[in-house]
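Structure record follows, encoded as structure tokens.
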Amino acid sequence: MLNVNNINFKNRPNHNIPNGPIDSCQVCGSKDLELVLDLGHQPLCDTLLTKDDLNKPETFYPLRQVWCKRCTLSQIDYVVPGEVVYHQSYPYRTGVTRELASYQQALAATVTQDLKLPKDSLVVDVGCNDGTLLSGFRDQGMRVVGVEPTDIHRFAREIGIEAIHSPFNNEVAKQIVGAHGKAKLVTATNVFAHMAGLGDVMEALETLVADDGYFVLENHYLAAITDRLQFDTIYHEHLRSYSLLSLITLFNFYDFTVVEAHKVSRYGGNIRAYVAKGKNRTPGESVRKLLEEERAAGFMDSAYYARFREKSIQLKNNLLSMFMECDKKGFQIIGNSCPGRCATLLNWAGIGPDMMPYIGEQPTSLKLGKFLPGKHIPIVNNQRLIDEQPEYVLLLAWHYAEPIVEQLRARGLRSKLIVPMPEVKILNS
């Protein structure tokens, strides 16, 4: 089994990650890092452009993934300031994606049952976005408070959820404790890998979580990223791609214990970790089992990451070859959905509006009328796909392929649909 016996937990590294290039592990502080994949210089995936922006300079940043040979954390090696990444016009909303909204409702019910949360317990969601997850906990009879650094917090307030407009830190934690008491549960879904001020976050969790409470997180899981060739999940928001070993390493520096860990389906493969307040709690069998899976997979071996690099490059080249072949035949490939990950895919592959004239998004999306950063592909109402019936449609939110295909077919789309990962696959009409 993988272990953390080679780490001195009395010498805690600075977990507030500096901006700019970093040459040490964001979790354990080791400088024994090795390149996983170099995606070149890329723009921020969720800094969408307006028509006026197309005539202005655009900023690109290094985008390289490396891995730590001591704790197996995978991370990018250049950090963009959080206030630049999570600007006030940040366009992501959880609730507009029906599948994700349903998933969040189910997550709230599952966690409530797993932890046997008493009615009226305080649940705090870090990075609460539009309040979708908290509405699920409210339906379970919990008191809820959200923390959200972007202007998206207003959507949570519109549905009656208290949402503090701020990054999550110790001052905010003290504010919540003063107003509501300690939290029986704090959650962070698809945000715990995103925050550069990780030390501030950990100290805030120690302040906010009750002595008998829990922190439950979900984030992309390293095994799912490498096994399914999800190089498109590498972008500047995702500072860290966690293995279970790296999560255990992190929480061992603080007054917490990872007691349960499970692989779940969201975003093409997540890890859900249950973290109990207090040191030296007894982990469940799920922790031992998943650590053994990581050892067997080769998480400590350079060859594991070299295979991912080689296969990712080949996949990108295969996709680009398909575009070039279609262009020779006079066919266009149109994009459907514009998740952040598609910016990595299209920028790295060099696919612009000459190859993909537009990307279709659902009518409620905040991204309509904008342009993809880097490649400047226009984002339009996906009704245009139905009206024009292009020969091919590339499913850029391929991790939701099944329900998206069902919806598009139900609306009358007859195009051949392309699923890009983990291999390029065409679904005929």
Side-chain angles (χ1 to χ4, degrees), residues 37 39 45 97-100 102-103 190 220-221 223-235 238 263-270 307-327 329 331-352 355-362 365 367 372 375 377 379-380 382-386 388-429:
L37 187 62
L39 294 154
C45 68
T97 304
R98 184 170 58 185
E99 297 78 21
L100 183 52
S102 298
Y103 182 94
N190 203 35
H220 283 108
Y221 181 42
I225 293 171
T226 52
D227 293 348
R228 303 188 70 185
L229 303 185
Q230 297 188 67
F231 62 80
D232 60 343
T233 66
I234 302 171
Y235 46 86
H238 291 174
K263 293 184 290 186
V264 291
S265 62
R266 184 185 178 196
Y267 291 121
N270 269 15
R307 286 192 298 271
F308 169 71
R309 177 170 57 252
E310 293 163 4
K311 290 181 178 180
S312 294
I313 292 171
Q314 186 60 56
L315 176 59
K316 180 257 295 186
N317 290 341
N318 290 344
L319 185 63
L320 185 56
S321 295
M322 175 180 285
F323 270 84
M324 296 174 70
E325 189 64 29
C326 284
D327 185 61
K329 295 178 179 179
F331 296 139
Q332 291 183 328
I333 299 178
I334 306 301
N336 181 75
S337 302
C338 190
R341 62 170 67 203
C342 82
T344 294
L345 172 63
L346 297 176
N347 276 280
W348 192 39
I351 296 170
M355 293 183 175
M356 177 179 286
Y358 63 88
I359 297 171
E361 259 284 2
Q362 53 192 327
S365 174
K367 301 180 181 184
L372 188 78
K375 287 303 173 185
I377 303 172
I379 304 165
V380 306
N382 65 8
Q383 179 61 37
R384 185 170 167 184
L385 296 173
I386 313 302
E388 296 184 356
Q389 298 290 333
E391 187 74 16
Y392 294 95
V393 171
L394 178 63
L395 302 181
L396 294 167
W398 62 268
H399 49 304
Y400 290 130
E402 188 174 331
I404 289 175
V405 169
E406 183 178 341
Q407 292 166 22
L408 291 175
R409 293 298 187 221
R411 292 175 61 186
L413 185 68
R414 300 183 299 276
S415 308
K416 298 182 181 70
L417 303 178
I418 304 170
V419 180
M421 295 172 177
E423 60 183 358
V424 180
K425 182 171 59 175
I426 298 176
L427 308 177
N428 291 320
S429 58

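Note that these values count all heavy atoms, side chains included, but never hydrogens, waters or copies made by symmetry. Residues: numbered from 1 along the sequence shown.
Using a distance-only test at 3.5 Å, with no hydrogens or angles considered, no donor-acceptor pair links the side chain of E361 to the main chain of I379. A distance-only check finds a donor-acceptor pair linking the side chain of S415 to the backbone of P390 [under 3.5 Å]. For T226 (side chain) and F308 (main-chain N/O), no donor-acceptor pair under 3.5 Å exists by modelled atom type.
Each of I377, L372, I334 was compared with M356 under the side chain to side chain contact (heavy atoms under 4.5 Å, CB included) criterion, and only I377 meets it.
Scanning both residues, I404 and A397, for their nearest heavy atoms gives CD1-O, 3.6 Å. Here the closest non-hydrogen pair linking Q389 and I386 is NE2-O, 2.9 Å. Residue L315 comes nearest to P420 through the heavy atom pair CD1-O, 3.3 Å, listed as atom of the first residue, atom of the second, then distance. In terms of heavy-atom proximity, Q230 sits nearest to M421 at CA-SD, 4.3 Å.
Other residues, nucleotides and ligands place no more than 12 heavy atoms under 6.0 Å from the CD atom of E423.
I359 places none of its side-chain heavy atoms less than 4.5 Å from the side chain of K367. Side-chain contact between L229 and Q314 is absent, with no heavy atoms from C-beta onward closer than 4.5 Å. Side chains of L396 and P339 form a contact here, defined as non-hydrogen atoms less than 4.5 Å apart. Inter-residue side-chain proximity for R409 and L417 is flagged as met; some heavy-atom pair is nearer than 4.5 Å.
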